[in-house]
Amino acid sequence: MTRIILIGFMGSGKTTLGRTLAKETGLTFIDLDNYIELRHCKSINQIFAERGEEGFRKIEQSLLHEVCEFEDVIISSGGGTPCFFDNIEYMNRQGTTIYLEVPHERLLERLIIAKSRRPLLKEKSNDEISAFIEEQMQKRSPFYSQAAHSFTADRLEDKIQIKESVEKFRKQFGI
Ligand code: S3P
């Protein structure tokens, strides 16, 4: 039974890499944010607006427990998932956690383009996003570093890079 759990900051490529990996390996891809949205019939932005981050984290934990029971899956968690409650310990018990490591500048480039569907970023200027990454990384690194493995995911900018990164990932982890 395979259960791979991708963790990493927003914009680290958990969804991009996970989806392509699943296609190539025949595993089922589950994106936790997407699962939450479908279950609650609401966008992540709406859930944050209605229940605040605290309410979102409770929902996130509860649905994490659901998806981490599924078998033969690649799960893409949310950027904050491993950093709340005992989620990282739980994820490590349930599957193979892999941290996607991406340098600050690359994260910033990606997040500037894709900030609108992320409640923690959507109101921020580019400079504020950069400061946010810096500050959050310091808080979150102790959690991310508890992943069983890590993978450098700085090259996912076009189809060719995604294909190459997926090949590298498969070789590195033997899947
Ligand atoms: C969050 C990351 C998002 C989503 C929510 C909060 C975070 O997921 O769960 O907006 O706290 O880093 P992605 O990492 O998939 O963007």
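First listed ligand is number 1; within each ligand, the first listed atom is number 1. Quick caveat, the model's predicted, so the values are computed rather than measured. Positions are given from 1, in the same order as the sequence printed here.
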### Task
Between Gln136 and ligand 1, find which residue part has any heavy-atom pair under 4.0 Å and reply side chain, backbone, both or neither.
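None of Gln136 does.
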#### Entry: Residue portion contacting ligand 1 (non-hydrogen atoms closer than 4.0 Å) for Thr15
neither
Minimum-distance protein heavy atom relative to [atom]:
{"atom": "atom 10 (O) of ligand 1", "result": "Pro119 CD, 3.5 Å"}
{"atom": "atom 16 (O) of ligand 1", "result": "Arg118 NE, 2.7 Å"}
{"atom": "atom 5 (C) of ligand 1", "result": "Ile44 CG2, 4.0 Å"}
{"atom": "atom 6 (C) of ligand 1", "result": "Arg57 NH2, 3.9 Å"}
{"atom": "atom 12 (O) of ligand 1", "result": "Arg140 NH1, 2.7 Å"}

Salt bridge check, [Y] against [X]: does any charged N sit closer than 4.0 Å to a carboxylate O?
{"X": "Lys139", "Y": "Glu135", "answer": "yes"}
{"X": "Glu167", "Y": "Lys163", "answer": "yes"}
{"X": "Arg106", "Y": "Glu109", "answer": "yes"}

### Task
Evaluate the side-chain proximity of Leu120 to Glu53: yes if any heavy-atom separation is below 4.5 Å, no if none is.
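Yes. Closest side-chain heavy atoms under 4.5 Å.
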### ligand 1 N/O within reach of Gly11 N/O, cut-off under 3.5 Å
no
### Message
So, regarding Phe48 and ligand 1 (criterion: nitrogen or oxygen to nitrogen or oxygen, under 3.5 Å), is there a contact or not?
### Response
no
### Query
Quick check, are the ring centers of Tyr99 and His149 under 6.0 angstrom apart?
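No, the ring of Tyr99 stays outside the 6.0 Å limit from the ring of His149, centre to centre.
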### Query
Looking only at side chains, do Glu60 and Thr81 share a donor and an acceptor under 3.5 Å apart?
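Yes, Thr81 and Glu60 have a side-chain donor paired with an acceptor closer than 3.5 Å.
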### Candidate with minimal heavy-atom separation from atom 8 (O) of ligand 1, of Ile47, Asp33, Asn45
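Ranked by closest heavy atom to atom 8 (O) of ligand 1, first place is Asp33.
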### Message
Testing the basics here: between Tyr144 and Cys83, what is the closest heavy-atom pair and its distance to 0.1 Å?
### Response
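Closest approach of Tyr144 to Cys83: CE2-SG, 4.0 Å.
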## Note on the structure
Lys14 and Leu6 have their tightest heavy-atom pair at O-CD1, 3.4 Å
#### Entry: Phe56: numbered ligand 1 atoms lying under 4.0 Å from its heavy atoms
9 (O)
